[in-house]
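Here's the structure we're looking at; comments come further down.
Please read these numbers as outputs of a predicted model, since none were measured by experiment.
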Amino acid sequence: MAASWITPPTRTELIENLVSGVDRYNPSNVSILEDYLYHQIRSEEYDCLANLAILKLYQFNPDLYNPDVVVNILIKALTSTPSPDFNLCISLLDERPTNARLDEPDPLPFLLPSLKNLHNLLYRCRFPAFWACYRSDELENLRDNYTVECAGFENAIRDVAIRAVKATFGRITSERLGSYLDLNGDELESYIQGLGWAADTATGVITVPPNPDNQIEATIVQENIKLPQIAKVIAHSCLKA
Amino acid sequence: MSQNRMALWNAEDMEEDVDLSLALGSYGQNFDDAHLSQPQIDESAFLAMQQHMAQQAAFAQIPDVVKGFIVHFHQAVLDNNLAEITVAYESGWNKYTEKFYSRSEWPEAEVIAPLVNDDPIFLILYRELYYRHVYSRLQPDIDDRFHSYENSCELFNYLLNSEGPVPLELPEQWLWDIIDEFIYQYQVFCTWRSRVKTKTDDELITLAEGGPAWSSYSVLNVLYSLIQKSKINDYIIAQQQGKSPEEIAEIVGEYGQRPLYRMLGYFSIIGLLRVHVLLGDFTLALKVMDNVELNQKSPFTRVTACHVTTYYYVGFCYMMLRRYTDAIRTFVTILNFIMRMRQYHTRSYQYDQISKTADRMYALFGMCNAISPNRLDDNIANIAKERYGEQISKMARAGPEALAAFEELFLYACPKFITANSPPYEDPAAISMILSPTSPTESPTKSTAPQVEPTHRHLTLFLADVTAQAPAPTLRSFLKMYTSLGAKKLANFLDADEEEMVQELMMMKQSSRQLNRVPGNEKGLLDGLVIPTSDLDFVIDQNMVHVAESTVGRRYASWFIKNTERAQRIHDELRSLPLPAPQPHQPVPEQNKRVGGVPKVAWGSVKVA
């Protein structure tokens with residue numbers, strides 16, 4: 001999991017060189033990375049380190065700053081919760097001086113609180129509240145101008161919920177699961193089928209397939225002594241003998 | 001300001017011209033300038049004379065022992081005599097600082113120049129020490145800040161852009177201090193620069209013309225250049241592959257073979273780690289460490305200050321990456337190391353700094369342990385409790401007090417974060433807007449709000465994570481009492497909404513799985529596997545919570561091993577002691593009486609009498 005986060009299999013060699021080499025500091029490469037971000041948005045790919053490289057360039061070169069790119073990066077980062085990606089992005093967003101000359105007003109200061117709130121809800125597994133907030137009128141701008149462009153955004157958020165459910169539940173009612181996924185009726189049914197999870201249509205209870213996280217076991221960790229630990233004691237007694 | 005400086009330098013060169021001195025090497029450019037600016041000569045000659053007299057007066061004031069020390073120091077550097085340089089650097093300099101310069105600057109480099117035949121390289125090194133002393137003991141003014149930057153640039157220029165590797169040798173400790181100080185001064189400059197409101201008009205003008213001094217790009221450039229020049233990454237990889245010294249020499253080339261460049265290269269990697277953390281880039285910080293093996297055996301651990309710095313920043317990165325177990329392990333490793341080393345380095349001039357960093361790491365350890373309870377090392381946990389007991393007990397409980405304790409410890413223990421860019425000093429309009437008191441009508445737009453300190457930004461993010469985890473301790477304490485209980489019942493206990501509580505349980509479950517570095521599987525510090533980090537596990541079956549607890553059996557064996565080793569050591573020591581000389585018989589009864597207790601002595605002595 002960590003390995004594909006550090007180096008996603010979809011990352012091209014060109015991007016790899018930018019992410020891992022000193023060329024990442026070269027402002028003229030920002031457009032390559034920005035294009036790559038838009039490619040991620042269209043193709044449901046995700047490359048956190050490459051996106052952080054964009055933010056790094058913005059940090060050092062305020063002239064490059066493009067608020068739309070930042071918003072898109074943050075949206076992509078949302079989908080990888082509970083990894084700390086979203087916070088890592090925010091960490092790199094220095095306060096910018098007021099004189100950043102843009103043609104239009106900067107949308108980021110208005111969207112940032114909403115995005116932070118969405119992240120907070122996701123991180124705390126408040127999925128129903130997340131959907132309510134996401135669908136609210138106040139976030140119309142975010143939906144119509146940004147997330148709509150991000151292919152598979154809603155399903156990516158559902159994946160976040162599914163990851164949490166898989167770890168926590170043995171069985172879950174379809175009503176509860178539906179509230180986490182913001183789905184009901186046929187949509188929910190076909191989504192569950194897509195996951196390959198068994199649903200009892202009579203009771204509406206869905207069985208989550210067993211995985212290491214939802215199989216619990218009480219264990220007693222016993223002390224396990226290895227030879228090197230007692231080597232000193234043995235060596236000492238040999239010396240004396 | 002910069003023009004003033006130029007004139008002063010020209011004047012110096014003029015003087016050297018008269019004396020037919022050397023110093024052409026690195027000051028060559030200025031020398032040419034002096035010739036080009038003919039019309040100024042009279043004025044600058046006059047300045048030069050004034051300067052010369054002032055310098056003579058200053059020179060006369062230098063105590064003879066200090067003069068002797070400088071001459072000796074210079075000779076040691078000329079001879080590349082590492083032992084002598086180390087003595088001069090580690091004890092001589094500090095000794096005379098305490099004695100003569102604890103509250104004032106050392107003599108300026110220009111003043112002592114005659115003592116060292118105007119040796120430009122030694123003067124650069126001398127200025128390095130001179131400014132370091134100003135920064136640590138005194139208040140650097142704006143000129144000091146710019147001059148120390150220029151001096152660092154001259155030093156790195158000399159190291160990197162001479163023809164081939166320079167024949168200089170310096171102690172490892174000093175090389176570390178050079179890099180460490182360079183970054184420290186950069187950090188101090190950025191912090192100072194970001195406070196627009198405290199600047200005088202002169203300072204504002206200077207900053208507006210400041211140019212690239214202490215820019216993030218220039219600092220990174222130095223560090224990356226040293227890394228590339230020394231081929232340190234290739235060196236580390238070759239070492240790990242067990243290549244022979246000849247092969248390694250071939251790989252790293254003429255620069256990398258020299259200890260000076262190799263050590264500077266390694267220290268620059270650690271420097272990058274630190275710079276990236278200061279700028280809030282925690283992933284990149286760990287990524288530059290990709291090839292560095294974190295262990296106690298590497299030869300690079302010889303410089304304790306560097307070793308400690310490395311672990312502090314790596315541990316902090318892990319904490320910000322929500323990898324609390326990795327953070328704890330990192331802190332435990334180095335804190336144990338510091339404890340073991342204490343007896344050796346209490347006398348070192350670095351000791352204060354190291355123990356301050358250690359204190360901050362105990363605080364960070366306490367925070368991580370509160371978020372992700374774990375019994376990795378009871379010893380360290382106890383020391384942390386001794387130092388920060390009040391905060392630690394607050395953090396263990398939920399509630400606003402816990403948050404305040406987290407905030408207090410974070411602000412105390414976090415690195416001094418910086419903003420990468422300068423406020424817009426070159427734009428007088430923007431600056432006057434920042435300087436003018438923000439009118440209430442504008443503040444709601446947030447655009448003119450004062451710059452939020454970067455530390456505050458990171459603190460907010462961290463506290464948000466902490467707040468998200470806040471329900472965990474309470475839930476945990478309830479779950480611990482059951483093997484299974486209904487979600488509704490649990491919600492009733494907590495006086496909470498059942499659905500919300502189930503979501504909190506999900507959150508808790510999620511945070512009990514952390515990315516964790518696998519020891520022995522060294523593929524960079526970012527890598528890791530997801531493992532359960534909590535001793536309490538549970539699963540929800542519809543509305544029933546099933547709980548399972550892992551317990552750690554008592555560790556008898558390691559206790560016995562530890563004590564056997566101790567007993568053997570004591571036994572050995574006793575055996576190696578010389579036999580006690582037979583004691584005269586007289587004192588024995590007296591001793592016996594004393595054992596009886598103080599009041600009886602009077603009575604006893606009376607009886608003897």
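- Heavy atoms of D535(B) lying under 4.5 Å from chain A are absent altogether.
- Aromatic ring orientation, H119(A) versus F86(A): parallel (interplanar angle below 30°, classes split at 30° and 60°).
- Of the atoms belonging to V547(B), it is backbone heavy atoms, and not side-chain ones, that fall under 4.5 Å from chain A.
- In this structure, no portion of L55(A) lies under 4.5 Å from any heavy atom of chain B.
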side-chain hydrogen bond (donor to acceptor under 3.5 Å, both in side chains) between N221(B) and Y25(A), intermediate numbers included: CA-CA 10 Å; N221(B) 193 15; Y25(A) 298 104; over 6 Å; no
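- Ring-plane geometry between Y134(A) and W131(A) is classed as perpendicular, the angle between the planes exceeding 60 degrees on a 0 to 90 degree scale with a lower cut at 30.
- In terms of non-hydrogen atom pairs under 4.5 Å with chain B, the most contact-rich of R176(A), R163(A), R124(A) is R176(A).
- Per-residue heavy-atom pair counts under 4.5 Å with chain B were compared for L88(A), T173(A), V205(A), D213(A), and the maximum is reached by D213(A).
- Counting heavy-atom pairs closer than 4.5 Å to chain A, the top residue among I540(B), T467(B), T283(B), V502(B) is I540(B).
- With R158(A) contributing its side chain and L183(A) its backbone, the two residues share no donor-acceptor pair below 3.5 Å.
- Between chain B and the options I216(A), I172(A), N120(A), heavy-atom pairs under 4.5 Å are most frequent for I216(A).
- Put simply, the side chain of T81(A) gets close to the backbone of L78(A): a donor and an acceptor are under 3.5 Å apart.
- The contact between Q469(B) and chain A is made entirely by side chain atoms (from C-beta outward), counting heavy-atom distances below 4.5 Å.
- Between C89(A) and N51(A) the shortest side-chain heavy-atom distance does not fall below 4.5 Å.
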Under the side-chain hydrogen bond (donor to acceptor under 3.5 Å, both in side chains) criterion, do D326(B) and Q514(B) qualify, and how do the steps go? CA-CA 9 Å; D326(B) 279 328; Q514(B) 278 170 31; over 6 Å; no
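- Ranked by heavy-atom pairs under 4.5 Å with chain B, the list S20(A), C48(A), C125(A) is led by C125(A).
- Only the side chain of V22(A) comes within contact range of chain B, with heavy atoms under 4.5 Å apart.
- When heavy atoms are compared at a cutoff of 4.5 Å, V208(A) does not approach chain B at all.
- Y217(B) and F60(A) have their aromatic ring centers within a separation under 6.0 angstrom.
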Could you check E504(B) against R126(A) for salt bridge (charged side-chain N to carboxylate O under 4.0 Å, His left out), going step by step and ending with a plain yes or no? CA-CA 8 Å; E504(B) 273 169 12; R126(A) 301 302 177 101; 2.9 Å; yes
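- Both the backbone and the side chain of I90(A) come within contact range of chain B, judged by heavy atoms closer than 4.5 Å.
- Taking D537(B), D281(B), D290(B), V545(B) one by one and counting their heavy-atom pairs under 4.5 Å with chain A, the maximum is reached by D281(B).
- Neither the backbone nor the side chain of L536(B) comes within contact range of chain A; no heavy atoms are under 4.5 Å apart.
- Looking at K56(A), only its side chain comes within 4.5 Å of chain B, counting heavy atoms on both sides.
- Using modelled atom types and a 3.5 Å distance limit, the side chains of N233(B) and Q228(B) yield no donor-acceptor pair.
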I'd like to know whether F282(B) forms a ring-ring contact (aromatic ring centres under 6.0 Å, His included) with H458(B), so could you lay out the CA-CA distance, the side-chain angles of the two residues, the decisive distance to 0.1 Å, and finally the verdict. CA-CA 11 Å; F282(B) 308 111; H458(B) 299 297; 5.6 Å; yes
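- Partners of S512(B) under the side-chain hydrogen bond (donor to acceptor under 3.5 Å, both in side chains) rule, at least two apart in sequence or in another chain, do not exist in this structure.
- At a 4.5 Å heavy-atom cutoff, the contact between R513(B) and chain A is made by side-chain atoms alone.
- When heavy atoms are compared at a cutoff of 4.5 Å, F538(B) approaches chain A by way of both its backbone and its side chain.
- Residue T564(B) touches chain A through its side chain alone, counting heavy-atom pairs closer than 4.5 Å.
- Comparing K287(B), E549(B), E500(B), R322(B) by heavy-atom pairs within less than 4.5 Å of chain A, the highest count is held by R322(B).
- With sequence neighbours excluded, the residues that form a side-chain hydrogen bond (donor to acceptor under 3.5 Å, both in side chains) with S80(A) are D85(A).
- The most heavy-atom pairs under 4.5 Å with chain A, out of M544(B), R323(B), E565(B), come from E565(B).
- With respect to chain A, the highest number of heavy-atom pairs below 4.5 Å among L284(B), L505(B), L526(B) belongs to L284(B).
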